[in-house]
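Note that the structure is a prediction, hence the values are computed from the model and not measured. Atoms considered below: every heavy atom in the structure, side chains included; atoms not considered: hydrogens, waters and symmetry mates. Counting from 1, the numbers follow the sequence of the chain as shown.
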Amino acid sequence: MRIKEFKSDFYYLLDKFKSKENFAFLRFSDGEMFMLQDKEIILSNKQVKVEGVVDAAGPGHPEYDAKNFDPQQHSVFRDHLITSFLHNQNNYFKGISCKCCVGDTNFNWQLENLDGDHDNLTWANLLVNSNYPLFMKEFYPEIKTRGAYVICNEKADLSNLDWVKKDFRIKDNSFSDLSPILEIKDFIQQNSLVDQVFLFSASSFSNVAQYELFKEFPNNTYIDIGTTLSYEFKIPSKRGYLDQYYNNQQVTGNCIW
C-alpha cells in the first residue's frame, strides 16, 4: 500500500497531472462527511450549525459559500453522494477528512465504511492548508498551461482568466440539483473531448458530478479544487489557509493520516 504523507500525496497527483494521466480527485470534506452521516447542516452568513449544534468559531459564510442540508429533503441527493463515496475505479481518488481535522472517531467511521484504507484514498485537504502555497506555485501554473473547463458558482468572475475554456454555473446552495451533469455529459460527447481538464468548485455537487463523469468518460481529468481559486474567481471564501496566504503569513496545517 502507498505510504501516505501530506506533501508526498500532493506531488503524487501533481505528477499524474504533469504526465497527462487522467484521474478524478474528489473531496469528501467535513460537510460531505456530515451529509453521509445524515446530519443536518446549516452554513449561513450568521452561523455554522451541525445537527443543531452551533460552531463557536462562527459566524458563517457568504451566500455563494452557504449550504443547507436537510436529511429529509435531500435524502435522494445523499444516496447519490453515498454512491460516489463507495465507488472504486482505477485513478478514482477519494479525499477524506483526516483525523487531525475531524478527530479519530469520524476518521475511523469513514475508513470503516470504505472497508479500510486503500491506495485510492487521500486527504480532502490535499490542495489546501500547508500544501496551498505549493498548489499556487506549482499546480496552478500547470492548470493555466493546459487550460480547463470550470464548474463553479454563478457569481464567480472568470472574465480575466484566459485559461478557462468554458464554464458551467451552479446557483447558490443548489448542490442537490444534478441537472447540470447532463449538460456537461452532452458537451463532452458532442465535442468528443479526451485528455481535457475539468475543475470543480461547486460544493457537494462536485462529488456526484465527478463520479458520474469519470465513470462514463474516464479519458478526462476531474479535480475538485474547492475554494483554492476563490480569490482568482473574485468570490473569496472565508478559510483560514486563504487568510494566511493572502496576508503573507505562513500557511499552517500539515495534515496527518
Side-chain angles (χ1 to χ4, degrees), residues 4 6-7 9-14 16-17 22-37 41 43 50 61 64-65 67 69 77-78 80-89 91-102 106-107 109-111 113-114 117-132 134-136 139-140 143 148 150-153 170 175-176 178 181 197-215 220-230 233 237-242 253-257:
K4 297 185 177 73
F6 196 47
K7 187 178 292 186
D9 264 31
F10 172 85
Y11 283 112
Y12 180 73
L13 283 194
L14 178 56
K16 286 183 179 292
F17 191 83
N22 290 309
F23 64 90
F25 169 58
L26 290 73
R27 300 175 60 253
F28 293 89
S29 299
D30 54 354
E32 286 72 40
M33 182 190 71
F34 292 139
M35 288 181 176
L36 292 168
Q37 294 173 340
I41 305 170
L43 303 184
V50 178
H61 304 270
Y64 51 78
D65 204 13
K67 182 185 296 180
F69 172 76
F77 174 80
R78 177 175 175 263
H80 287 289
L81 189 65
I82 291 172
T83 299
S84 69
F85 183 63
L86 298 180
H87 181 67
N88 288 305
Q89 185 177 342
N91 278 337
Y92 181 85
F93 295 99
K94 295 176 280 192
I96 65 173
S97 299
C98 48
K99 64 179 69 176
C100 53
C101 293
V102 299
N106 282 322
F107 179 71
W109 179 90
Q110 295 168 102
L111 290 184
N113 281 276
L114 292 167
D117 199 355
H118 298 281
D119 280 347
N120 69 333
L121 298 183
T122 186
W123 282 265
N125 288 336
L126 192 61
L127 306 181
V128 303
N129 293 349
S130 62
N131 280 344
Y132 185 60
L134 297 176
F135 173 82
M136 293 301 289
F139 212 134
Y140 185 36
I143 290 171
V150 175
I151 297 87
C152 64
N153 186 275
I170 308 298
F175 61 86
S176 62
L178 302 180
I181 296 176
V197 179
F198 291 79
L199 302 181
F200 290 78
S201 180
S203 186
S204 308
F205 168 85
S206 303
N207 303 68
V208 178
Q210 288 177 269
Y211 157 72
E212 293 283 354
L213 293 169
F214 193 65
K215 183 179 64 171
N220 293 301
T221 291
Y222 309 89
I223 303 175
D224 187 344
I225 59 169
T227 54
T228 55
L229 295 181
S230 62
F233 293 174
S237 297
K238 181 188 175 185
R239 300 290 190 277
Y241 78 92
L242 291 172
N254 186 44
C255 292
I256 61 172
W257 197 255

Please check if the distance between the ring centroids of Phe10 and Trp123 is under 6.0 Å.
no
Indicate yes or no: at least one non-hydrogen side-chain atom of Leu229 is less than 4.5 angstrom from one of Val150.
no
Is the closest side-chain donor-acceptor distance between Ser84 and Asn207 under 3.5 Å?
no
A side-chain contact here means heavy atoms from C-beta on lying under 4.5 Å apart; do Leu134 and Phe139 qualify?
no
Under a 3.5 Å distance rule, please check whether Gln110 uses its side chain to pair with a backbone N or O of Met33 as donor and acceptor.
no
To the nearest 0.5 Å, atom CZ of Phe17 lies from atom CG of Asn22 at 10.0 Å
Taking it one step at a time, do Asn88 and Lys94 satisfy side-chain hydrogen bond (donor to acceptor under 3.5 Å, both in side chains)?
CA-CA 9 Å; Asn88 288 305; Lys94 295 176 280 192; 3.2 Å; yes
Which pair of heavy atoms, one from Leu213 and one from Ile181, lies closest together, and at what distance?
CD2-O, 4.5 Å
Run the side chain to side chain contact (heavy atoms under 4.5 Å, CB included) test against Tyr12 and tell me which residues pass, sequence neighbours left out.
Arg2, Lys16, Phe93
With under 30° as parallel and over 60° as perpendicular, where do the rings of Trp257 and Phe107 fit, or are they tilted in between?
perpendicular
State whether the side chain of Asn113 and the backbone N or O of Trp109 hold a donor-acceptor pair below 3.5 Å, judged by distance alone.
yes
Using 0.5 Å steps for rounding, measure from the OG1 atom of Thr122 to the CD1 atom of Ile96.
9.0 Å
Looking at the rings of Phe69 and Phe34, which for Trp means the six-membered one, are their centres under 6.0 Å apart?
no
Pairing donors with acceptors under 3.5 angstrom, does anything connect the side chains of Tyr211 and Lys215?
yes
Taking all non-hydrogen atoms of both residues into account, name the closest pair between Gly226 and Ser201 and its distance.
O-OG, 2.6 Å
Grab the two heavy atoms, one from Leu114 and one from Phe85, that are nearest each other, plus how far apart they are.
CD2-O, 3.2 Å
How far apart are the closest heavy atoms of Met136 and Thr228, and which atoms are they?
SD-O, 4.3 Å
What are the two closest non-hydrogen atoms of Phe6 and Gly253, and how far apart are they?
CE2-O, 3.6 Å
Can you tell me how far apart CD1 (Ile41) and OG (Ser204) are? Round to the nearest 0.5 Å.
7.0 Å
Would you please classify the geometry between the Tyr222 ring and the Phe214 ring as parallel, tilted or perpendicular, with 30° and 60° separating the classes?
perpendicular
Angle class for the Phe135/Tyr140 ring planes (parallel below 30°, perpendicular above 60°, tilted otherwise)?
parallel
Heavy-atom pair of closest approach, residues Ile225 and Leu199:
CG2-CD2, 3.9 Å
Between Ser29 (side chain only) and Asn125 (backbone N and O only), is there a donor and an acceptor less than 3.5 Å apart?
no
